[in-house]
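Below: one structure, written as structure tokens.
Every value quoted in this text rests on a predicted model; they were computed, and no experiment measured them. Residues: numbered from 1 along the sequence shown.
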Amino acid sequence: MAASMELSLNNLPSDPLLLMLSFLDFRDLISCSFVSRRLNELSGHNPLWKGLCLKHWLLTESDKIQKFQTWKELFREFYTDLGRYIDHYGTLKKAWDDLKRYLDQQCPRMIASLKEGAKEEELDGIEAQIGCKLSNDYRCSYRIHNGQKLVVPGLMGSMALSNHYRSEDLLDIETAAGGFQQRKGMRQCLPLTFCFHTGLSQYMALEGTEGRSRSEIFYHCPVRSSFTEWFTSYVHNVVTGEYPIIRDQIFRYVHDKQCVATTGDITVSVSTSFLPELSSVHPPHFFFTYRIRIEMAKDALPENACQLDSRYWKITNANGNVEEVRGPGVVGEFPVMTPGKVHEYASCTTFSTTSEYMEGHYTFHRLKNKEEIFDVCIPRFHMVCPPFRESIVRSVSVLCASFNEDNSSDTDDHNEGELRGINMAAPGGRCPRHI
């Protein structure tokens, strides 16, 4: 029977066999090479390995030319170095490539802050130092880029208000290990990011302990379930424009695509962001900032030009309590809208409940006829505090000690009040209390 099978394989034409082999992954392809001499020859077919090199290592024809190797040799070289990360490398490498390509056009100085990838033995040394295993997807990403230099603005997003600024750097592995936590409430947690101005870090749980899942990413509230999900979702929001880039900084506002309303020629859209560093559980104080975009259609008639006079807000909290606020302009401005004009501004508010929503309208008058007054709808937008876990002590002393070295050459000065239209006053002039 075996001889008959081998004979039938030898008699089959190569094309259908190669087609069948093209559906196999590299492990099965290697297994086939041990079945018979014929399959051994066919499994080494260069185009088969070209597809696998593209799938797992994102290698292109130019990479092959530079290496002067066959596709199979190229696959073997990368597998020897990065084989343990084969389930993660393609996804994370694509995310890094997409991010760098986008930032190269939008804010190239962030690209200059990225560090070269860490070596395998360096990651092994960090595991020995902290006495804990790093997840494979985290290690894989750090083989590609070992975080960034400690600069402002940071790669992992910023937020600026009139007297508050946050910008998070992606920590390199050595600095992150210096901030590894063993204190109660934060045991086995490794910092991923750090902000000079607030001391805020995002952490990854290296072990499932104290109610956390292994690889969970969090501030002091759960954010993502794994490093890959955390990083790729962030990159997606950046490269799709969900997170706007304003004066060379990435702002982590979240935009609900349904949170858009059009009245006549004017469209209003809203994005929001929760600020954990200005929030507290006891007493309940949840801080949000929101960014509003007002745009007049390019094809609007010139005589429809208008000016914003006032705003009206209806604010409903989680208990159903309603507050109504009226006031002149928006953050002290009275923008004039003409065809194609866009006006954006940011403001903020605090709530005593974990969720609220706001809606309302702006009142405008026509420039040609001040007596022609009309309202423009502001769509309802929800602000919801993420699920949180109270931490016993918030301490960044270890990280701060790591950061006391001179990094002035890599840090740009930042004018905290330079972003136009950002105001700490809440709707109607309420002044939020800072924690």
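No side-chain donor-acceptor contact under 3.5 Å links Glu356 and His382. Remark: the Asp248 side chain and the Gln106 side chain contain no N/O donor-acceptor pair separated by less than 3.5 Å. Between the side chains of Glu229 and Ser225, at least one donor N or O lies within less than 3.5 Å of an accepting N or O. Using modelled atom types, one finds no donor on one side chain facing an acceptor on the other under 3.5 Å when comparing Thr363 with Asp309. A donor-acceptor contact closer than 3.5 angstrom links the side chains of Asp63 and Thr60. No side-chain donor-acceptor contact under 3.5 Å links Gln249 and Arg247. In this structure, a donor-acceptor pair under 3.5 Å is absent between the side chains of Glu333 and Tyr345.
Interatomic distance, Leu171 CG to Ser201 OG, rounded to the nearest 0.5 Å: 6.0 Å.
Counting only residues at least two apart or on different chains, no ring pair (Phe, Tyr, Trp, His ring centres under 6.0 Å) pair has a member in residues 102-133. Residue pairs meeting the salt bridge (charged side-chain N to carboxylate O under 4.0 Å, His left out) criterion with at least one member in residues 186-207, sequence neighbours excluded: Arg187-Glu210. Residue pairs meeting the salt bridge (charged side-chain N to carboxylate O under 4.0 Å, His left out) criterion with at least one partner in residues 84-96, sequence neighbours excluded, are Arg84-Glu120, Lys93-Asp97, Lys94-Asp98. Pairs of residues two or more places apart, or lying in two chains, that qualify as side-chain hydrogen bond (donor to acceptor under 3.5 Å, both in side chains) and include a residue from residues 260-269 are Thr262-Thr267, Asp265-Asn304.
Between Ile173 and Tyr142 the shortest heavy-atom distance is N-CE2, 3.8 Å.
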(request) Go through the steps for Val342 and Ile294 under the test side chain to side chain contact (heavy atoms under 4.5 Å, CB included), then give the verdict. (result) CA-CA 6 Å; Val342 174; Ile294 307 171; over 6 Å; no
(request) Could you give me the CA-CA distance, side-chain angles and deciding distance for Glu324 and Lys314, then say whether salt bridge (Lys or Arg N to Asp or Glu O under 4.0 Å) is met? (result) CA-CA 5 Å; Glu324 295 184 89; Lys314 180 181 178 182; over 6 Å; no
(request) Might you work through the side chain to side chain contact (heavy atoms under 4.5 Å, CB included) test for Trp71 and Glu73, ending with a clear yes or no? (result) CA-CA 5 Å; Trp71 286 111; Glu73 291 169 342; over 6 Å; no
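Ring geometry for Phe227 versus Trp230: interplanar angle of 30 to 60°, hence tilted. Ring geometry, Phe286 versus Phe274: the interplanar angle falls from 30° to 60°, so the pair is classed tilted. In this structure, His197 and Tyr165 have perpendicular ring planes: the angle between them is above 60°, well past the 30° mark. Ring-plane geometry between Phe26 and Phe75 is classed as tilted, the angle between the planes lying from 30 to 60 degrees on a 0 to 90 degree scale. Relative orientation of the Phe196 and Phe194 rings is perpendicular, given thresholds of 30° and 60° on the angle between their planes.
Heavy-atom neighbours of Glu121 CD from other residues, nucleotides or ligands within 6.0 Å: above the threshold of 12. Within 6.0 Å of atom NZ in Lys100, more than 12 heavy atoms from other residues, nucleotides or ligands are found, so the atom counts as buried in its surroundings.
Under the salt bridge (Lys or Arg N to Asp or Glu O under 4.0 Å) criterion, Arg293 pairs with Glu295, Glu344, sequence neighbours left out. Take Asp81 and apply the salt bridge (Lys or Arg N to Asp or Glu O under 4.0 Å) test, not counting sequence neighbours, and it matches Arg143. Contacts of Asp137 classified as salt bridge (Lys or Arg N to Asp or Glu O under 4.0 Å), with partners at least two apart in sequence or in another chain: none. Judged as a side chain to side chain donor-acceptor pair (under 3.5 Å), and not counting sequence neighbours, the contacts of Glu77 are Lys67, Gln69. Every residue two or more places apart in sequence or in another chain that forms a side chain to side chain contact (heavy atoms under 4.5 Å, CB included) with Gln148 is listed here: Ser113, Leu114, Val151, Leu155, Asp169, Leu170. Remark: Glu168 pairs with Thr193, Gln202, Tyr219, Arg252 by the side chain to side chain donor-acceptor pair (under 3.5 Å) rule, at least two apart or across chains. In this structure Asp25 satisfies the salt bridge (Lys or Arg N to Asp or Glu O under 4.0 Å) test together with Arg27, sequence neighbours excluded. Judged as a side chain to side chain donor-acceptor pair (under 3.5 Å), and not counting sequence neighbours, the contacts of Trp96 are Ser141.
Of the possible donor and acceptor atoms, one in the side chain of Arg311 sits under 3.5 Å from a partner among the backbone N and O of Gly329.
The shortest distance between side-chain heavy atoms of Cys107 and Leu103 falls below 4.5 Å.
In this structure, Phe381 has its ring center closer than 6.0 angstrom to the ring center of Tyr290. Aromatic ring centres of Tyr253 and Tyr243 lie farther apart than the 6.0 Å criterion allows.
Here the rule is side chain to side chain contact (heavy atoms under 4.5 Å, CB included) with Pro379, and of Val260, Ile292, Val268 only Val268 fits it.
With Tyr85 as the aromatic partner, Arg139 does not meet the cation-pi criteria of under 6.0 angstrom to the ring centre and within 45 degrees of the ring axis.
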